[in-house]
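See structure below.
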Amino acid sequence: MKSKVSVAGQVTSAIPVRGGIAAARGNHIVKVTGGKVREVATTKATPFQLKADADGGVTFIDRVPQRAKARAGAQEAATVSRVPELDLEKASGNAQPTALARGSLTGLDLTATPSGEVYITGEAASTTSRASGVVPNPGGLAKGALVSSHGQAAVTSRWADGKDSRIRPEEALTQRTVRTTLKTIDTGKTAVLDAAPGDLLGGAKSARGKRDFPGAHCPERGGRRTGQRARR
C-alpha cells in the first residue's frame, strides 16, 4: 500500500488483496477500496486469521456459535471457510462462504507460504473435497506450524523441556534449549534439531576471537604501533 487508508468504524485482520483490502467487520468479510467499505459475505461470528491465497480468494477461521443448551465446559468449534476472488470483486454482500474444514476453536490454525498457498494446521476434519486443491489439509501438522516457502515442509519451534514461556521471575535469565521440528509434508518424515544454550556460537570462546591480537597496541621503537604502516 502506498498510502494510509482510513475507514469509519472498526475493521480487523486486514490484508491486501487484488484491487483493495479484505478485512473483518463484525460478522462480515468486507472489502475496502479507496476508503469505501463494501460487504462481501456474512459469517457466523467475527472472522479472524484472514489469509489471501494464490487463486485470489480469502480463507479465514470462523467461530461456530454454541447452542443454548450446550453443556458447561464444552469445547467451542470453528470452521475454516473461504470466499473466492469473484465474490471479493463483486462485493455484493450476498456471498456464501464455503466451509472447508471443522475442528476445535483452540485446536486449529492457518498458515501460508509467500506465494499464497494456505495450509490448515492442527486438528481439523475436511468437510468438502474442495479443501484439498485450494487449501490443503494434510493433517499431522502441529497447530501454529510455519510452512516453508515452497510448501514442502512444516516447521515448529518449542522449548525442549515442554514448558511454554510462562516462567517464574527468577527463571527469566535461565538458559533453555529450543527444539525445532522439521516435517516433510509429502512423506511425513521428521527431523528434530536442538539448539542448546552454552558456550557455543556467541559464547565466551567465540568472543575471544574478537579480542585484539597480543601486542597489537604495544608501541615499537620509534613510537610506531604493530599493524600500522610507517609514514615516509
Problem - Minimal non-hydrogen separation, Leu141 against Ala154, with atom names - result: CD2-CB, 3.8 Å
Practice task
State whether the side chain of Thr127 and the backbone N or O of Leu100 hold a donor-acceptor pair below 3.5 Å, judged by distance alone.
Solution key: yes
Handout entry: Neighbour count >12 (heavy atoms, 6.0 Å) for atom CD, Glu123
Key = no
Practice task
Check the hydrophobic clustering (I, L, V, M, F, W, Y; side-chain heavy atoms under 4.5 Å; chains of links allowed) and say if Leu108 and Val118 are grouped together.
Solution key: yes
Handout entry: Nearest heavy atoms of Gly20 and Thr33, plus distance in Å
Key = CA-OG1, 4.5 Å
Handout entry: Side-chain cluster (under 4.5 Å, hydrophobic types only) that Leu182 belongs to, other residues
Key = Val155
Problem - Point-to-point distance, once rounded to the nearest 0.5 Å, from CG of Leu146 to OG1 of Thr113 - result: 11.5 Å
Practice task
Would you check if the side chain of Lys143 reaches a backbone N or O of Thr106 as a donor-acceptor pair within less than 3.5 Å?
Solution key: yes
Handout entry: Step-by-step side chain to side chain contact (heavy atoms under 4.5 Å, CB included) determination, Tyr119 to Val135
Key = CA-CA 6 Å; Tyr119 287 81; Val135 182; over 6 Å; no
Practice task
Evaluate the side-chain proximity of Lys44 to Thr79: yes if any heavy-atom separation is below 4.5 Å, no if none is.
Solution key: yes
Practice task
Evaluate the side-chain proximity of Thr121 to Thr156: yes if any heavy-atom separation is below 4.5 Å, no if none is.
Solution key: no
Problem - Asp55 and Glu85, any side-chain heavy atoms less than 4.5 Å apart - result: no
Exercise for the section: Indicate yes or no for a side-chain donor-acceptor contact from Ser13 to the backbone of Ala24 under 3.5 Å, with no hydrogens or angles considered. Expected result: no
Exercise for the section: Kindly indicate whether the side chain of Ile61, heavy atoms from C-beta on, has any atom under 4.5 Å from the side chain of Pro47. Expected result: no
Problem - Evaluation steps, side chain to side chain contact (heavy atoms under 4.5 Å, CB included), between Lys51 and Ile15 - result: CA-CA 7 Å; Lys51 303 288 185 183; Ile15 56 171; 5.6 Å; no
Exercise for the section: Answer yes or no: is there a side-chain heavy-atom contact under 4.5 Å between Leu110 and Ile120? Expected result: yes
Practice task
Nearest 0.5 Å please: distance from the OG atom of Ser81 over to the CZ atom of Arg102.
Solution key: 10.0 Å
Practice task
Using only heavy-atom distances, determine whether the side chains of Asn137 and Ser126 contain a donor-acceptor pair under 3.5 Å.
Solution key: yes
Practice task
Measure the shortest side-chain to side-chain distance between Val7 and Arg25 over non-hydrogen atoms and say whether it is less than 4.5 angstrom.
Solution key: no
Practice task
Any chance you could measure Gln96, atom CD, to Thr43, atom OG1, to the nearest 0.5 Å?
Solution key: 11.0 Å
Problem - Polar side-chain atom of Thr181 near backbone of Val192 as donor-acceptor pair, under 3.5 Å - result: no
Completion exercise
Closest heavy-atom pair, Val178 versus Ser157, reported as atoms and distance to 0.1 Å, is CG1-CB, 4.4 Å
Handout entry: Distance (rounded to the nearest 0.5 Å) between Arg158 CZ and Arg179 CZ
Key = 12.5 Å
Practice task
Identify whether Val83 and Val17 are in the same connected component of the hydrophobic contact network (ILVMFWY, side-chain heavy atoms under 4.5 Å).
Solution key: yes
Completion exercise
Here the pair of heavy atoms bringing Pro16 nearest to Ala52 is O-CB, 4.0 Å
Completion exercise
Here the pair of heavy atoms bringing Gly151 nearest to Ile185 is O-CD1, 3.5 Å
Exercise for the section: Answer yes if Phe60 and Phe48 sit in the same cluster of Ile, Leu, Val, Met, Phe, Trp and Tyr residues linked by side chain heavy atoms under 4.5 Å apart, and no otherwise. Expected result: no
Handout entry: Cluster overlap Ile21 with Ile29, hydrophobic side-chain contacts below 4.5 Å
Key = no
Practice task
State, to 0.1 Å, how close Lys90 and Arg38 come at their nearest heavy-atom pair, and which atoms those are.
Solution key: O-NH1, 3.7 Å
Practice task
Using the rule that two of Ile, Leu, Val, Met, Phe, Trp, Tyr join whenever any of their side-chain heavy atoms come within less than 4.5 Å, decide whether Leu50 and Val40 are in one cluster.
Solution key: yes
Practice task
Taking the side chain as every heavy atom from C-beta outward, state whether Arg82 and Asp53 have any atom pair closer than 4.5 Å.
Solution key: yes
Practice task
Taking the side chain as every heavy atom from C-beta outward, state whether Thr177 and Asp161 have any atom pair closer than 4.5 Å.
Solution key: no
Practice task
Hey, could you give me the OG/NZ distance between Ser92 and Lys31, rounded to the nearest 0.5 Å?
Solution key: 12.0 Å
